[in-house]
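The structure under discussion appears below in the form of structure tokens.
Owing to the predicted nature of the structure, the values given are computational and were not obtained by experimental measurement. All values below were derived from every heavy atom in this structure, side-chain atoms included, with hydrogens, water molecules and symmetry-related copies excluded. When a residue number appears, it is its place in the shown sequence, counting from 1.
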Amino acid sequence: MASYKRVFSLGSPHGPGGVFFTWQKASGGFLATTGYNQVVNIYDRHGNLREQIHLPGVCSGFGWDKDGALLSIINDRSPLVHVWDANSGRVQHLDSGLRDTLTFLSWSRTAPLLAVGTAKGNLMIYNHQTSRRIPVVGKHSRKIQSGSWSTANLLALGGEDKILTISNSEGDTLRTTPLRGEPSDIQFSEMKQDERAMSENTVSLIVAKKTLFLYNLNDPENPIELAFENRYGTIVTYKWYGDGYILLGFSAGYFVVISTHLKEIGQELFQAKNHRDVLNDIAISTSLSKAASCGDNFIKIHELTNLKESYAVVTVDDERGLDWLEWSDDGQLLAVASPAGNIHVYLTKLPVLGGSHTTRVAFLTSLLEVTVTNIVEKERPVTVSVDVEPTFLGVGPYHLVVGMNNRAWIYTLGEDSAMLLRDREYLGTITSVRVNADYASVLYEGKIQFHLLEGETGEDEEREARLFPDPDHADMHITDHALTADFLVYSTDTGGLFFFFIEDWQMVGDYRHTAEIASIYAEPSGRRIVLVDSKGEGYLYNPVNDDLLEVPQFPGSCHGCLWENSPSDRHVFTLFDEKQLYTYIYHQEHIKGHHLELIGVTKFPTSQVPLLLYNGEVTLQTASGKTVPLILSSHEMEANIHDYSHEQLRTALKKNISLRRFKDASAICQVLNNKQDWEDLGKGCLWCLNLELGMRVFRQLGDVGMVWSLQSLKDLEDPLLLSGHLAMFLNEFNLAQDLYLRSSSPVAALEMRRDLLHWDQALQLAKKLSPDQIPFISREYAQQLEFIGDYPGALTHYERGVVNIGGSEDHNAACKAGIARTALRCGDIRRGVNIAAEMNSRMLKRECAEILESKKQYSEAAVLYESGNLHEKAASLYIRLKNWNKVGQLLVNINSPKMHLQYAKAKESDGQYREAATYYESARDYESVIRLLLHNLNSPEEAVRIVRETKSVEGAKMVAK
């Protein structure tokens with residue numbers, strides 16, 4: 001639960017009895033108070049009395065105009081209106097022209113119009129701009145006691161005559177409606193309707209402290225009057241908020257919310273008993289989105305979005321009761337009055353203002369108090385009381401600079417105290433200030449005043465101060481600046497980034513960006529600078545080599561940048577917007593060259609502001625003037641890894657690899673002892689070009705091939721070639737190709753693509769790097785295409801592969817063989833057969849014949865089989881074609897009984913029995929031989945001989961018959 005600090009108290013400033021007060025509109029710089037002693041006091045925000053206005057009678061009303069420039073006061077004994085000007089401090093007296101007691105006063109919220117009402121119901125409207133007064137006699141028949149202006153300058157008034165009147169700014173009555181009791185707390189607002197109203201359409205008021213009366217200007221015949229439970233007590237006050245909601249406070253301590261939407265009207269959305277005995281007032285701050293109620297001796301504060309929970313409880317121990325309370329417009333101060341006539345002011349929202357230098361932070365802890373402390377070394381905090389509410393702040397190793405407008409106060413910081421060194425005025429309103437050990441850089445209205453902090457030394461007047469830009473560049477407008485130990489860096493609206501070397505007292509470099517640079521954040525040494533341009537894009541600039549890297553996944557609305565102050569992590573920085581911190585690491589040695597990587601996103605409360613980053617811990621400044629630590633998600637891990645589960649260890653391993661903490665990552669891998677985890681570490685080492693550790697990791701894995709490969713790279717001097725090889729080992733082939741092509745050996749990209757069988761890319765590379773390799777790559781590509789069935793593509797590449805160079809016979813033979821095969825596949829039979837016949841390759845002829853056979857081109861296939869000495873296959877096709885002459889010629893070279901049997905049957909069917917008998921015998925079909933000898937050739941003796949030789953039982957039976 002939040003706690004609020006009391007800024008000051010005013011003890012009975014108007015003597016005994018009640019006290020009344022009102023905050024200055026807009027700025028909230030003044031608090032006007034009055035009581036029964038006929039005096040109005042005006043205090044500043046720190047409780048100092050700035051003005052005292054004496055009245056002829058008791059103050060009967062006062063109020064600020066819409067801008068907070070004028071405070072108007074009326075009293076019960078004079079027709080004069082006292083008007084105090086906040087800018088000049090003078091009091092004017094305005095004659096109201098009304099001769100009875102003044103009882104009511106209200107300024108318009110949008111125009112310089114003041115309404116003053118009297119005890120007899122008369123009215124005067126005063127236009128401060130034109131000094132015109134409009135008296136309206138008899139607006140009401142009795143005392144006017146409440147009223148309010150709308151944003152459209154309609155004036156609603158209620159009086160003891162129990163009538164509500166609505167008038168225009170000329171005093172003309174537009175509407176009147178009778179009421180059932182005396183009205184109070186009249187307000188204008190907008191009821192919730194299905195169609196959005198263009199202006200305030202509802203007058204609300206309390207009738208006789210019992211009911212809430214809602215009068216819709218668009219439906220005047222049907223006003224709504226809401227009554228509440230008797231146990232709540234009487235209505236004390238109410239406030240409109242949000243989209244047509246009303247928060248009511250009741251005397252018995254109840255806190256009730258209703259909606260004015262017609263579908264929900266009459267229903268209580270929320271109710272709670274906020275105070276035990278009595279509730280006396282409620283207040284709402286739209287800037288804080290908070291509501292407060294006072295009663296008994298404490299204040300309860302709630303978030304408007306979550307009224308069920310108490311955000312804070314402020315107990316005023318030195319009071320028995322609290323009467324009423326009011327917030328300043330900016331929500332920073334909450335004033336509460338007691339029946340004893342005391343006023344207490346609490347700080348509810350502190351401007352979040354802070355700065356840091358290395359590990360030291362300075363931040364606002366009260367409106368007039370700055371605390372300086374060293375977050376890392378845990379020094380005793382130094383509290384500095386300042387003379388004004390600062391709007392800017394800068395801290396260095398030995399100094400603190402605070403100020404507002406065009407004035408700055410410089411303090412020297414000791415071990416346990418701070419001393420004002422001097423104050424200084426500048427030639428314009430100061431935007432920001434940066435401080436190092438000796439100098440301050442003050443940015444105001446597009447210029448920088450750069451000067452010594454300790455003032456004139458008398459040694460070298462030239463080195464004491466300098467104004468930027470130089471007179472030669474007077475039209476240059478500076479947008480931001482950064483100050484390191486050695487350099488002043490500033491950016492301009494034309495995209496310039498300039499470096500001023502303090503030791504040599506001269507400009508040493510500049511950079512021209514493509515757009516206006518809006519803000520810059522320098523690393524403590526000044527070697528790297530984050531710059532944000534007007535397009536909302538972020539870059540990391542290195543002034544040493546003019547290297548510019550775009551920040552990946554740059555937050556849409558960057559509010560600031562913190563560089564890591566731990567010496568071991570100077571390559572880490574974090575950007576932040578309203579809700580999240582984005583952690584980046586800068587790799588100086590990486591496969592991709594100089595490289596930026598987003599390694600984590602961390603959420604933080606929206607009301608807090610990051611001040612410092614050290615070893616992964618961000619120091620946040622809170623709205624209550626304190627600092628709280630927050631560990632970045634990228635660094636969040638326990639020191640003792642043995643406390644982790646295996647999943648947590650793997651998460652910690654990934655974080656350590658991302659942060660390049662390879663030693664810690666190796667220790668985690670030892671505990672996990674898992675192959676995949678070691679591989680992840682090994683890959684992390686290779687990405688960061690850490691070959692030594694990478695070899696140790698892969699040796700641990702037993703990956704001899706990788707260790708040998710890395711060993712062979714150790715002596716490579718070309719970093720691009722080395723990175724290319726490592727990218728290839730990591731299967732990042734496109735990256736490897738890009739690196740190889742930029743290296744001293746671009747042909748390595750071609751070799752890699754050939755090894756990977758990436759033929760399209762290989763051919764593209766060969767055109768530029770090694771045209772003489774195109775035929776050989778074409779042949780290999782054609783072989784792959786042929787294998788996967790892309791025959792037209794394969795044919796094209798085989799044709800490209802043929803060369804007329806000596807010593808390429810084997811290559812050309814392979815290409816021609818490929819042409820023959822793919823031509824046949826594509827239907828070019830003649831070409832394929834001719835090439836196959838020309839070439840002296842038995843294997844090619846067989847392949848081509850098989851292709852032809854599959855395409856049922858038996859004649860050509862048989863010819864190729866025959867020329868390839870594949871007599872059996874040729875014969876089988878000739879048999880299918882019934883080309884017996886060819887079969888007969890080939891049978892001499894064929895020992896297959898099957899072929900001989902087929903030929904014998906063919907001869908028998910042709911009536912050539914003698915030849916048929918010969919081939920039946922060579923096929924060992926003796927029964928068929930005996931059959932022919934007996935029945936067709938009339939040679940029984942020959943048949944008997946064969947029966948005796950073969951001992952064939954079936955043959956013997958045929959002979960016997």
Side-chain angles (χ1 to χ4, degrees), residues 568-572 585-595 597 599 616 634-635 637-740 742-745 747-749 751-758:
S568 60
D569 284 336
R570 284 283 168 87
H571 48 280
V572 175
I585 186 166
Y586 170 68
H587 297 279
Q588 198 154 2
E589 289 193 337
H590 194 272
I591 285 177
K592 295 181 180 178
H594 294 165
H595 178 60
E597 185 181 353
I599 58 172
S634 53
H635 293 66
M637 53 191 109
E638 294 291 334
N640 186 1
I641 59 174
H642 298 287
D643 294 342
Y644 273 176
S645 68
H646 275 260
E647 281 309 309
Q648 290 172 318
L649 279 172
R650 283 197 174 87
T651 304
L653 174 64
K654 287 177 184 173
K655 291 178 181 178
N656 277 303
I657 292 172
S658 296
L659 289 165
R660 302 201 320 228
R661 295 177 178 176
F662 295 125
K663 187 177 178 182
D664 296 342
S666 182
I668 293 172
C669 283
Q670 295 280 2
V671 175
L672 286 169
N673 198 24
N674 178 278
K675 181 182 177 183
Q676 184 59 51
D677 298 321
W678 280 110
E679 283 182 1
D680 290 344
L681 174 57
K683 289 176 181 177
C685 295
L686 298 191
W687 276 112
C688 295
L689 309 184
N690 192 332
L691 296 187
E692 287 294 335
L693 185 56
M695 282 192 288
R696 288 213 300 272
V697 171
F698 286 109
R699 195 174 287 122
Q700 172 81 22
L701 282 167
D703 190 340
V704 178
M706 182 63 91
V707 174
W708 277 356
S709 299
L710 294 175
Q711 188 82 37
S712 67
L713 302 180
K714 281 182 69 176
D715 298 328
L716 269 183
E717 293 183 359
D718 184 348
L720 290 169
L721 188 59
L722 170 64
S723 297
H725 288 317
L726 294 177
M728 182 176 67
F729 296 163
L730 292 165
N731 297 332
E732 295 285 341
F733 303 122
N734 291 336
L735 174 61
Q737 176 177 312
D738 181 51
L739 292 163
Y740 282 141
R742 290 189 285 129
S743 74
S744 58
S745 178
V747 77
E751 292 166 1
M752 177 190 74
R753 291 299 182 186
R754 287 184 73 172
D755 292 341
L756 292 168
L757 310 183
H758 293 170

message: Please report the interatomic distance CG(Leu649) to CG(Asn674), rounded to the nearest 0.5 Å.
response: 11.5 Å
task: Please examine the side chains of Leu726 and Leu710, heavy atoms only from C-beta on, and report whether any two atoms are closer than 4.5 Å.
output: yes
- request: Check step by step if side-chain hydrogen bond (donor to acceptor under 3.5 Å, both in side chains) holds for Gln588 and His594.
  value: CA-CA 5 Å; Gln588 198 154 2; His594 294 165; 4.8 Å; no
- request: Taking only Lys NZ, Arg NE, NH1 and NH2, and the carboxylate oxygens of Asp or Glu, determine whether Asp680 and Lys654 approach each other closer than 4.0 Å.
  value: no
task: Provide the closest heavy-atom pair for Trp687 versus Leu735 in the form atom of the first, atom of the second, distance.
output: CZ3-CD2, 3.8 Å
- request: Spell out, as yes or no, whether a donor-acceptor pair under 3.5 Å connects the side chain of Asp718 to the backbone of Ser744.
  value: yes
- prompt: Given Tyr586 and His595, is the side-chain hydrogen bond (donor to acceptor under 3.5 Å, both in side chains) satisfied, shown in steps?
  reply: CA-CA 6 Å; Tyr586 170 68; His595 178 60; over 6 Å; no
message: Is there a side-chain contact (heavy atoms from CB on, under 4.5 Å) between Glu647 and Thr651? Walk through the geometry before answering.
response: CA-CA 6 Å; Glu647 281 309 309; Thr651 304; 5.6 Å; no
message: Suppose we screen for side chain to side chain donor-acceptor pair (under 3.5 Å). Which residues come up paired with Asp703, at least two apart in sequence or across chains?
response: none
- request: Begin from the C-alpha positions of Phe662 and Arg660 and carry the test side-chain contact (heavy atoms from CB on, under 4.5 Å) through to its verdict.
  value: CA-CA 5 Å; Phe662 295 125; Arg660 302 201 320 228; 4.3 Å; yes
message: Nearest 0.5 Å, please: how far is CD in Gln700 from NZ in Lys675?
response: 13.0 Å
query: Rounded to the nearest 0.5 Å, how far does SG of Cys685 lie from CE of Met695?
result: 11.0 Å
- prompt: How far does CD of Gln737 sit from CD of Glu732, to the nearest 0.5 angstrom?
  reply: 13.0 Å
task: Mark yes when over 12 heavy atoms from residues, nucleotides or ligands other than Asp715 sit less than 6.0 Å from its CG; otherwise mark no.
output: no
- request: Would you give the length of the straight line joining atom CG of Asn690 to atom CZ of Arg696, rounded to the nearest 0.5 angstrom?
  value: 8.0 Å
message: Parallel, tilted or perpendicular: which one describes the rings of His590 and His587, with boundaries at 30° and 60°?
response: tilted
message: To the closest 0.5 Å, what do you measure between OG (Ser658) and NE2 (His635)?
response: 10.0 Å
- prompt: If you count the non-hydrogen atoms of other residues, nucleotides and ligands that lie under 6.0 Å from CD in Glu589, is the total more than 12?
  reply: no
field: Heavy-atom side-chain proximity of Val572 to Arg570 below 4.5 angstrom
entry: no
- request: Could you check Leu730 against Ile591 for side-chain contact (heavy atoms from CB on, under 4.5 Å), going step by step and ending with a plain yes or no?
  value: CA-CA 10 Å; Leu730 292 165; Ile591 285 177; 3.5 Å; yes
task: Please report the shortest heavy-atom distance between Leu691 and Lys714, naming the atom on each side.
output: CD1-CA, 4.2 Å
message: To check you understand the geometry: which heavy-atom pair defines the closest contact between Lys683 and Phe698, and what is its length?
response: N-CZ, 4.4 Å
Check against side-chain contact (heavy atoms from CB on, under 4.5 Å), Ile599 and Leu659: CA-CA 8 Å; Ile599 58 172; Leu659 289 165; 3.5 Å; yes
message: Show the nearest heavy-atom pair for residues Ser712 and Ser709, with the distance to one decimal.
response: OG-O, 2.5 Å
- prompt: If you count the non-hydrogen atoms of other residues, nucleotides and ligands that lie under 6.0 Å from CD in Gln676, is the total more than 12?
  reply: yes
- request: Using atom types as modelled and distance alone, determine if a side-chain donor or acceptor of Ser743 lies under 3.5 Å from a backbone N or O of Tyr740.
  value: yes
task: Looking only at non-hydrogen atoms, find the nearest pair between Leu713 and His725 and report the distance.
output: CD2-CD2, 3.4 Å
- prompt: Taking Ser666 for the side chain and Lys663 for the main chain, is one N or O donor matched with an acceptor at less than 3.5 Å?
  reply: no
Exercise: identify the closest heavy-atom pair between Leu672 and Asp677: CD1-OD2, 3.4 Å
